[in-house]
Number of protein chains: 2
Amino acid sequence: MFNLMVEHDLNGVFHALADPTRRAILDRLAEGEATVGALSRPFPLSLAAVSKHLGVLERAGLVTREARGRERVCRLDPAALADARAWLEFHERFWTDRLAALEALVGTARDESR
Amino acid sequence: MFNLMVEHDLNGVFHALADPTRRAILDRLAEGEATVGALSRPFPLSLAAVSKHLGVLERAGLVTREARGRERVCRLDPAALADARAWLEFHERFWTDRLAALEALVGTARDESR
DNA sequence: GCAATGTTCAACCCTTCGGTAAAATATTGT
DNA sequence: ACAATATTTTACCGAAGGGTTGAACATTGC
């Protein structure tokens, strides 16, 4: 049933989102494109570390890096985020419905046993 | 701005969701509660491995384990999932809006330069 | 051409992760 | 009491994660 869904690279997307530094980078990027150096400045991390984080975000499809001269400008790509959100939304509905149905069954069973 | 949000344990939730085995366990659990043994049966994994995965899901708040005799029955807890979904939904909107605003600005700038 | 700037790459360190197997801990049924 | 069943805990292992530093690679400006 779920095999029909794309399951784009949920592992990668969720893994990318599981790190607060990376979420902060994404938030910063929502304000507009930025170079790797500019992105790294606010963090108490080496430039290389931030570059690695950007690699994770890029592989997850959340961010694109484009060479512009000697700097790389990073931009948010909301599509992958939308994928993850859609997955969560779908499953949340699915699970809630299932659980509601089960509760209803329990209610019925309790009624019948009276 | 975002500091007002709970940021419940997004690290934990997203990390928990980043593993396909754990997502499969969650899906299985949507069909109804199940014991650790029953949950582990479909997987080519040791019982201990599945028990560990359940620990991750439990710490993330996605699943509850309750002792019933010598077995532990696991149930889905959609609340944590809803938290993650809400976070994603909010940010998706926020990012999309920001990006749209930026594009609009670029358009204005282009117009003015003509 | 050369020095400075921006970014990545490579090597390394330590921790966490996902897995195993085996022992420990309940609980049940006889 | 005992044996079987259900689950967790305890090492342990190899791979991956997140960090560092220093060298390598482009590009820019003089």
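Since the model is a prediction, treat every value here as computed from it, not as a measurement. Throughout, protein chains are lettered first and strands after them, A, B, ... in sequence-line order, and every chain is numbered starting at 1.
Identified under the salt bridge (Lys or Arg N to Asp or Glu O under 4.0 Å) test for residues 60-71 of chain A, with sequence neighbours left out: A:E33-A:R68, A:E58-A:R65, A:E66-A:R75.
Put simply, B:H53 has a side-chain N or O that comes within less than 4.0 Å of OP1 or OP2 on C:dG19. Between B:R65 and D:dT8 there is a side-chain polar atom (N or O) within less than 4.0 angstrom of OP1 or OP2. One finds no side-chain N or O of A:S51 lying less than 4.0 angstrom from the OP1 or OP2 phosphate oxygen of C:dC9.
Taking the six-membered ring where the residue is Trp, A:F94 and A:H91 present perpendicular rings, their angle passing 60° and hence far from 30°.
Between the side chain of A:R72 and the base of C:dT7, no donor-acceptor pair under 3.5 Å is found. Taking only distance into account, the side chain of A:K52 meets the base of D:dG19 through a donor-acceptor pair shorter than 3.5 Å.
Taking for each of A:R68 and A:S46 the nucleotide of DNA chain D with the nearest heavy atom, the 5'-most of the two is the partner of A:S46. Residue order along DNA chain D, read from the 5' end via each residue's closest nucleotide, puts B:L54 first among A:V56 and B:L54.
The separation between A:N11 atom CG and D:dA15 atom P is 19 Å, rounded to whole Å. As rounded to whole Å, 9 Å separates atom C1' of C:dT5 from atom CD of A:E71. When the P atom of C:dT8 is taken as reference, atom CZ of A:R59 falls 12 Å away, rounded to whole Å. Taking atom CG of residue B:L39 and atom P of nucleotide D:dT8, one finds them 11 Å apart after rounding to whole Å. Between the CZ atom of A:F43 and the C1' atom of C:dT7 there is a distance of 17 Å, rounded to whole Å. We find that CG of B:L17 is positioned 15 Å from P of C:dC17, with the value rounded to whole Å. To the nearest angstrom, C1' of D:dT8 lies 9 Å from CG of B:L47. Put simply, CD on B:E66 is 16 Å from C1' on D:dA6, counting in whole angstrom units.
Residue B:R22 is in sugar-phosphate contact alone, with no base atom involved, counting any heavy-atom pair closer than 4.0 Å across all strands shown. Among the heavy atoms of the strands, none lies under 4.0 Å from A:A67.
Between A:L81 and A:L26 the shortest side-chain heavy-atom distance does not fall below 4.5 Å. Residues A:R85 and B:R93 are not in side-chain contact: their nearest non-hydrogen atoms beyond the backbone lie 4.5 Å or more apart. Between B:H53 and B:L45 there is a side-chain heavy-atom pair separated by less than 4.5 Å.
Closest to the B:R70 side chain, of the nucleotides D:dA4, C:dG19, C:dC9, is D:dA4. With D:dT9, C:dG6, D:dG18 as the choices, the nucleotide that has an atom nearest any side-chain atom of A:D19 turns out to be D:dG18.
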